[in-house]
Amino acid sequence: MSSTEVKLSRLLILAQKFNNFYLTGFHKGDIRPFVVEGQQVGLIKSDVLKQLVKYPEVFCIRDCEQTQQGLVELNPAFRDYNERTVQLEKVLRNLRTEGLFPALQGWRDEYFEVKSEHRALLKMERAATPLFGVRKYGVDINGYVRHPTQGLCIWLQQRSNTKETWPGKWDNMVGGGLSVGFGIKETAIKEAAEEASIPTDLVKNLVSAGCVSFYFESRQGLFPNTEYVFDLELPLDFVPHNADGEVQAFELLPAKECVERVFTPDFKTTSAPVVIDFLIRHGYITADDVVDFTQIVELLHVPLQSLYTYKARLEQAQKQKQQKFLAEDSNCNCAKPVENGYNKES
């Protein structure tokens, strides 16, 4: 890959683009933690907050010492996973009917789980997740071939024009969200069959290649995404075919042309991290070629797990209060306890 300044700046600008909220959004001052069962699971912007205040039986909106803007808490009276899900769903369906948020126009009747670490607290309609800034998980498959004359080549798909999100944009060969009830590799295999008709004798060669994470913001809302990545080397004579109506075309591109496609507005912004990660791991983009290589790599692995810190800050504040109380108590000159008329220390 050429090490020109143009290439460098384009890569870095693209990495900053799909991390626009991570780099600038936290400093805007119009966001509040979204808390469930005492755990921060998301962020809510002011435009969403204006609608949630209409549902005081579902959301507790209050000030908080640990956050400048206060917080939004799902009513702690809701006892379990099912009750939280049902109560939130009622609000979401009302908001959808009112047509206030573009994100809800893509309602899918597909659910993502809202988790704190590994514990599922409720499930939420996929289209609504950007409104609450909850972490989302998906899988992507890099389908590639090693061409005898063109070298490393990568399959891309063009999304259907009827897709709810990013219609008509170019994308990774296979990708899909991690819905309730499906495992990571299970989802990869399912999506491989549905989106690209990859047969079982080929899909068995899937290689897990880690994950990428980023924090993107669009008019739809907030996208703190983690994508589990798989690589799949394909034979030269294999041509993917769509089976679920969500893809209108496939194209095999040499790595150089693939990079150029990713830079265009015709490519899905939130799929760019997967392509860049693939090209780094396969030696097409290297530290020798790109001066800002480490910055780009870091922006492919944003530490989402450490960004939602309400509980940690609350516990730290409580600890500091306790330490202050103990310190004040030790400096107290009040009378010491007595036993049988004698001071214990005498």
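Below, each value reflects all heavy atoms present in this structure, side chains not excepted, and no hydrogens, waters or symmetry copies. When a residue number appears, it is its place in the shown sequence, counting from 1.
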message: I'd like to know whether Q105 forms a side chain to side chain contact (heavy atoms under 4.5 Å, CB included) with E164, so could you lay out the CA-CA distance, the side-chain angles of the two residues, the decisive distance to 0.1 Å, and finally the verdict.
response: CA-CA 8 Å; Q105 295 174 9; E164 298 90 348; over 6 Å; no
query: Do the side chain of T24 and the main chain of F21 share a donor and acceptor less than 3.5 angstrom apart?
result: no
task: Would you indicate whether the side-chain heavy atoms of L122 and V36 approach each other to under 4.5 Å?
output: yes
field: Single-linkage hydrophobic cluster, 4.5 Å side-chain cutoff, M124 and L222 together
entry: no
query: Rounded to the nearest 0.5 Å, how far does CZ of F230 lie from OG of S208?
result: 5.0 Å
- prompt: Given side chains that start at C-beta, do those of R108 and T165 come closer than 4.5 Å, heavy atoms only?
  reply: yes
message: Any non-hydrogen side-chain atom of E98 less than 4.5 Å from a side-chain atom of Q51?
response: yes
field: Any donor-acceptor N/O pair, T129 side chain to R126 backbone, under 3.5 Å
entry: yes
From L49 atom CG to K54 atom NZ, the distance as rounded to the nearest 0.5 Å: 11.5 Å
query: Y137 and F112: aromatic ring centres closer than 6.0 Å?
result: no
- prompt: For the side chain of T286 and the backbone of D289, is there at least one donor-acceptor N/O pair under 3.5 Å apart?
  reply: yes
field: Nearest atoms (heavy-atom pairs only) where A127 meets G106
entry: CB-O, 3.6 Å
message: Taking the six-membered ring of Y111 as reference, does the cationic atom of K123 (NZ for Lys, CZ for Arg) lie under 6.0 Å from its centre and within 45° of its axis?
response: yes
- line: Distance col, row L253:CG vs Q150:CD, nearest 0.5 angstrom, shows 9.5 Å
message: Any non-hydrogen side-chain atom of I61 less than 4.5 Å from a side-chain atom of R32?
response: yes
field: Euclidean distance, L92 CG relative to Y55 OH, rounded to 0.5 Å
entry: 9.0 Å
- request: Indicate yes or no for a side-chain donor-acceptor contact from N242 to the backbone of E195 under 3.5 Å, with no hydrogens or angles considered.
  value: yes
- prompt: Do the side chains of I31 and L23 join up, straight or via other hydrophobic residues, at under 4.5 Å, putting them in one cluster?
  reply: yes
- prompt: Nearest heavy-atom pair of L279 and A255: which atoms, and what distance?
  reply: CD2-CB, 4.1 Å
- request: Only counting residues at least two apart or in another chain, list the ones meeting ring pair (Phe, Tyr, Trp, His ring centres under 6.0 Å) with F59.
  value: none
- prompt: Distance only, no hydrogens: is a donor on one side chain within 3.5 Å (strictly under) of an acceptor on the other, for E37 and Y81?
  reply: no
query: Who are the salt bridge (charged side-chain N to carboxylate O under 4.0 Å, His left out) partners of E125, not counting sequence neighbours?
result: none
Partners passing ring pair (Phe, Tyr, Trp, His ring centres under 6.0 Å) against H147 (at least two apart in sequence or in another chain): none
field: same_hphob_cluster(L156, V145) at 4.5 Å side-chain heavy-atom cutoff
entry: no
field: Parallel, tilted or perpendicular: ring planes of W155 versus F250, cut at 30 and 60 degrees
entry: perpendicular
- request: Please check if any side-chain donor atom of N82 sits under 3.5 Å from a side-chain acceptor atom of T85, or the reverse.
  value: no
- prompt: Yes or no on side chain to side chain contact (heavy atoms under 4.5 Å, CB included) for K268 and Q157, after CA distance, side-chain angles and deciding distance?
  reply: CA-CA 11 Å; K268 179 173 174 267; Q157 63 153 279; over 6 Å; no
message: If you apply the rule side chain to side chain contact (heavy atoms under 4.5 Å, CB included), what do you find for S160 with V247, and how did you get there?
response: CA-CA 5 Å; S160 168; V247 179; over 6 Å; no
Verify same cluster id: F78, V86 (apolar side-chain graph, 4.5 Å): no
- line: For P224 and G133, the nearest pair of non-hydrogen atoms, with its separation, is CG-O, 3.4 Å
task: Establish, from distance only, whether the side-chain atoms of N205 and E233 form a donor-acceptor pair under 3.5 Å.
output: no
field: From CA spacing to verdict: side chain to side chain contact (heavy atoms under 4.5 Å, CB included), L121, K115
entry: CA-CA 6 Å; L121 300 172; K115 297 182 177 182; over 6 Å; no
Using a 3.5 Å cut-off and no angle test, enumerate the donor-acceptor pairs between side-chain atoms of residues 169-182 and protein atoms at least two apart in sequence or in another chain.
unit_1 : atom_1 : unit_2 : atom_2 : d
K169   : NZ     : P265   : O      : 2.6
D171   : OD1    : S271   : OG     : 2.5
D171   : OD2    : R159   : NH1    : 2.9
N172   : ND2    : D140   : OD2    : 2.9
S179   : OG     : E110   : OE2    : 2.4

message: Could you walk me through whether R10 and E260 satisfy the salt bridge (Lys or Arg N to Asp or Glu O under 4.0 Å) test, starting with their C-alpha distance in whole Å, then the side-chain angles of each, then the deciding distance to 0.1 Å, before giving a yes or no?
response: CA-CA 10 Å; R10 290 166 77 196; E260 292 303 317; 2.9 Å; yes
query: Quick check, are the ring centers of Y144 and F278 under 6.0 angstrom apart?
result: yes
query: Under 4.5 Å between any side-chain heavy atoms of I189 and V203, yes or no?
result: yes
query: Any side-chain heavy atom of R93 within less than 4.5 Å of one from W107?
result: yes
- prompt: Going by heavy atoms in the side chains, are V41 and P33 under 4.5 Å from each other?
  reply: no
- request: Decide whether D231 and H282 meet the rule of one side-chain donor and one side-chain acceptor closer than 3.5 Å.
  value: yes
- line: Of all heavy-atom pairs linking L299 and A15, the shortest is CD1-CB, 3.8 Å
message: Ring-plane angle category for F214 and F18, please: parallel below 30°, perpendicular beyond 60°, tilted otherwise.
response: perpendicular
Main-chain N/O of T309 paired to Q40 side chain as donor or acceptor, under 3.5 Å: yes
message: Keeping K185 on the side-chain end and G183 on the backbone end, is there a donor-acceptor pair under 3.5 Å?
response: no
task: Of all the heavy-atom pairs spanning I141 and A188, show the shortest one and how long it is.
output: CD1-O, 3.6 Å
message: Return the CD1 to CG distance between I296 and N19, rounded to the nearest 0.5 Å.
response: 12.0 Å
- line: residues 213-224 vs side chain to side chain donor-acceptor pair (under 3.5 Å), sequence neighbours excluded, gives K28-E217, K45-E217, Y215-Y308
field: F101 to D47 - nearest heavy-atom pair and separation
entry: CZ-O, 3.9 Å
Heavy-atom neighbours of K17 NZ exceed 12 at 6.0 Å: no
message: Quick check on the hydrophobic clustering: are L304 and F132 connected, directly or via other members, by side-chain heavy-atom contacts under 4.5 Å?
response: no
field: CD1-CD distance between I184 and E227, expressed to the nearest 0.5 angstrom
entry: 11.0 Å
field: Pairwise side-chain contact, E191 with T187, heavy-atom cut-off 4.5 Å (strictly under)
entry: yes
- request: Using side-chain contact (heavy atoms from CB on, under 4.5 Å) as the criterion, list what pairs up with P199, not counting sequence neighbours.
  value: D201, L202, F238
query: Regarding E251 and Q158, is there a side-chain donor-to-acceptor distance under 3.5 Å anywhere?
result: no
query: So, does D80 use its side chain to make a donor-acceptor pair with the main chain of E83 at under 3.5 Å?
result: yes
